[in-house]
Amino acid sequence: TAETERREAAVQSIMASRATSIDKGEQLEDLADSFDGYLSWSLSVYRRYNVEETYHLVGSYEWETAPSALGNDVFAVTYNSNLTYCDDYAPSYSFYSKIYMLTGGSVIPVDHVSFDDEDRLSFDDGGVSVVQDLKEDCPSGGMGYAYTTKNHAGQISYDVIVDNSSATAATVYAQYYHQKNEANVGISVSIPRGGSVSLSNSKNHEKASGNPHITFAVNE
């Protein structure tokens, strides 16, 4: 127990030395971005001006190129043990993609998919996740033509509150797991305290490299 407490104190000290303060009503100036070859992540933190130690987290993602398989991809915005979910403000989730028709060597825009539905989000002790089925919103083709979707983009946002009065810093993570095949498998997501993500049928998914994270000062 003593060794665990010593290590936690050391980690807190390191985090605090790297943490940037956020004034009330302000957004952290430095955004955290990543790109793994086809998907880009952007993670930002905004501090609520009228509530003590409450922060609004926003994770935005976009496919720069088409994914290699269309299936149940998992997106999550998680946090370390110094934070907890706060329901003072409604969470949100949105998704958008364009649908094109491929025919006669031409690519013709024909439709788009767009929704804003927080009911798609799953909440757990260590964060919030969503399973996005890239295949379900793509219509089937016909004789002489095929449909494809491009410009996939989504966003997860919600509030957290600092629940550790002795903490000097907190860390938020954006995480992405791509389904590397198109097998028809169910999936459930769990996020324990601390921000790690556990997937059922995880052998069908691969975690993207370089997922971004942000560390910021708290209890100042």
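Each residue takes its place number in the sequence, starting with 1. Below, all heavy atoms of this structure are taken into account, side chains as well, without hydrogens, waters or symmetry copies.
- Under the 30°/60° scheme for interplanar angles, the aromatic rings of Tyr61 and Phe75 are found to lie parallel.
- Counting heavy atoms from C-beta outward, Asp124 and Ser190 have side chains that approach closer than 4.5 Å.
- Side chains of Val131 and Asp73 form no contact here, defined as non-hydrogen atoms less than 4.5 Å apart.
- Under the 4.0 Å criterion applied to side-chain N and carboxylate O atoms, Arg193 and Asp163 are assigned as salt-bridge partners.
- The cationic atom of Arg48 (NZ for Lys, CZ for Arg) lies less than 6.0 Å from the six-membered ring centre of Tyr89 and within 45° of the ring axis.
- In this structure, Ala167 and Asn219 approach most closely via the heavy-atom pair O-ND2, 2.9 Å.
- Under 3.5 Å, the side chains of Ser94 and Gln155 contain no donor-acceptor pair of N or O atoms.
- Leu43 and Phe216 fall within the same hydrophobic cluster, where Ile, Leu, Val, Met, Phe, Trp and Tyr residues are linked whenever their side-chain heavy atoms come under 4.5 Å apart, directly or through other members.
- With no hydrogens or angles considered, a side-chain donor-acceptor pair links Ser92 and Ser157 at under 3.5 Å.
- Side chains of Tyr177 and Gln179: a donor-acceptor N/O pair is absent below 3.5 angstrom, by distance only.
- Remark: side-chain polar atoms of Asn164 are not paired, donor with acceptor, to backbone N or O of Ser81 under 3.5 angstrom.
- When all heavy atoms of Tyr96 and Ser114 are compared, the pair lying nearest together is CD1-CB, 3.8 Å.
- With rounding to the nearest 0.5 angstrom, the CD1 atom of Ile156 is 7.5 Å from the OG atom of Ser129.
- In this structure, a donor-acceptor pair under 3.5 Å is absent between the side chains of Tyr173 and Asn211.
- The shortest heavy-atom contact between Phe123 and Pro91 is CZ-CG, 3.6 Å.
- Side-chain atoms of Ser40 come within 3.5 Å of backbone N or O of Glu62 as a donor-acceptor pair.
- Ring planes of Tyr46 and His56: perpendicular class, angle over 60° (limits at 30 and 60°).
- Using cut-offs of 30° and 60° on the angle between ring planes, the pair His152 and Phe95 is parallel.
- Under the 3.5 Å distance criterion, with hydrogens and angles disregarded, a donor-acceptor pair is assigned to the side chains of Ser200 and Ser188.
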